[in-house]
Amino acid sequence: MKKVYLLLFLALSALALNACTDDSTSNRLEQEEMAQILADIHIDEAIIQNMHLGNSDTALVLYHELSKQTLKKRGLDSTQVAKSLGSYVKDPADFVKLYTRVNEIIEERQKKAAAKKPVAEKP
């Protein structure tokens with residue numbers, strides 16, 4: 001449930017930031033790059049959620065730190081990502097394509113991770 005609220009918050013934040021600016025779709029990140037970033041962020045969220053931290057403040061701080069690392073690794077800042085997400089939100093068809101790709105990326109990464117896990121032998 002927290003994930004849904006976080007996604008809603010991100011989408012609304014991006015929309016609000018974008019409404020205050022005069023950016024067009026020409027300034028947004030390419031779909032594949034944006035999808036990779038969002039997949040990283042959603043995987044970070046899942047990792048934190050699976051930690052079952054007792055304190056939601058701790059989870060939020062950890063999430064922000066992981067997000068910063070993800071964006072730093074890609075040479076981006078949160079403003080660029082928020083503006084790009086806002087641009088995608090304004091165009092529902094592009095937004096659906098973006099999240100379809102995000103889901104594909106996450107599924108691909110799950111399959112790779114499952115393939116790397118050693119299979120335990122039964123005695």
Side-chain angles (χ1 to χ4, degrees):
M1 191 63 160
K2 291 179 186 179
K3 193 174 191 179
V4 172
Y5 288 127
L6 183 59
L7 287 174
L8 182 60
F9 173 74
L10 285 173
L12 291 175
S13 296
L15 187 59
L17 280 173
N18 202 30
C20 296
T21 62
D22 207 16
D23 289 335
S24 65
T25 59
S26 64
N27 292 333
R28 73 181 178 189
L29 297 172
E30 293 295 323
Q31 180 182 331
E32 184 62 25
E33 183 179 14
M34 190 70 185
Q36 293 288 340
I37 293 164
L38 290 172
D40 287 344
I41 289 171
H42 290 308
I43 290 170
D44 290 345
E45 290 171 349
I47 290 168
I48 294 167
Q49 188 173 18
N50 287 332
M51 288 180 172
H52 303 289
L53 300 170
N55 187 342
S56 61
D57 290 339
T58 303
L60 188 59
V61 169
L62 186 55
Y63 166 76
H64 284 299
E65 190 57 38
L66 284 174
S67 294
K68 281 184 205 175
Q69 290 175 9
T70 296
L71 296 178
K72 185 177 180 180
K73 175 178 71 176
R74 295 187 177 276
L76 299 169
D77 63 34
S78 59
T79 304
Q80 287 174 294
V81 174
K83 286 182 179 181
S84 289
L85 186 59
S87 176
Y88 281 102
V89 168
K90 284 184 173 182
D91 187 348
D94 282 351
F95 189 72
V96 169
K97 287 179 190 175
L98 174 66
Y99 263 90
T100 299
R101 181 64 186 133
V102 170
N103 287 330
E104 290 170 355
I105 292 167
I106 291 172
E107 288 173 8
E108 290 168 5
R109 291 182 187 179
Q110 284 176 331
K111 287 178 184 175
K112 284 181 185 176
K116 288 183 181 180
K117 280 188 177 180
V119 177
E121 290 183 27
K122 294 182 180 180

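The basis for the numbers below is simple: all heavy atoms, side chains too, and nothing from hydrogens, waters or symmetry mates. Residue numbers run from 1 in the order of the sequence given.
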> Under the rule for side chain to side chain contact (heavy atoms under 4.5 Å, CB included), what residues qualify as partners of Gln36, not counting sequence neighbours?
Glu32, Arg74, Arg101, Ile105, Arg109

> Atom CD1 of Ile37 and atom OG1 of Thr70: how far apart are they, to the nearest 0.5 Å?
9.0 Å

> Taking only residues two or more places apart in sequence, or in another chain, which ones meet Lys68 in a side chain to side chain contact (heavy atoms under 4.5 Å, CB included)?
Glu65

> So how far is it from Gln49 CD to Ile47 CD1, rounded to the nearest 0.5 Å?
11.5 Å

> A side-chain contact here means heavy atoms from C-beta on lying under 4.5 Å apart; do Met34 and Val81 qualify?
yes

> Is it true that Met51 and Ile41 fall in one hydrophobic cluster, defined by side-chain heavy atoms closer than 4.5 Å?
yes

> Roughly how far, to the nearest 0.5 Å, is the CG atom of Leu71 from the CD atom of Gln69?
10.5 Å

> If you look at every heavy atom in Ala35 and Leu98, which pair is closest and at what distance?
N-CD1, 3.6 Å

> Would you give the length of the straight line joining atom CG of Asp94 to atom CZ of Arg28, rounded to the nearest 0.5 angstrom?
4.5 Å

> Quick one: list whatever passes side chain to side chain contact (heavy atoms under 4.5 Å, CB included) with Asp77, sequence neighbours left out.
Thr79, Gln80

> Out of curiosity, Glu33 CD to Leu38 CG, how far, rounded to the nearest 0.5 Å?
10.5 Å

> Suppose we screen for side chain to side chain contact (heavy atoms under 4.5 Å, CB included). Which residues come up paired with Ser67, at least two apart in sequence or across chains?
Tyr63

> Which heavy-atom pair separates Tyr88 from Glu30 by the least distance, and what is that distance?
OH-C, 3.4 Å

> Let me confirm one number: the OG1-CD1 distance from Thr58 to Ile48, rounded to the nearest 0.5 Å.
11.0 Å

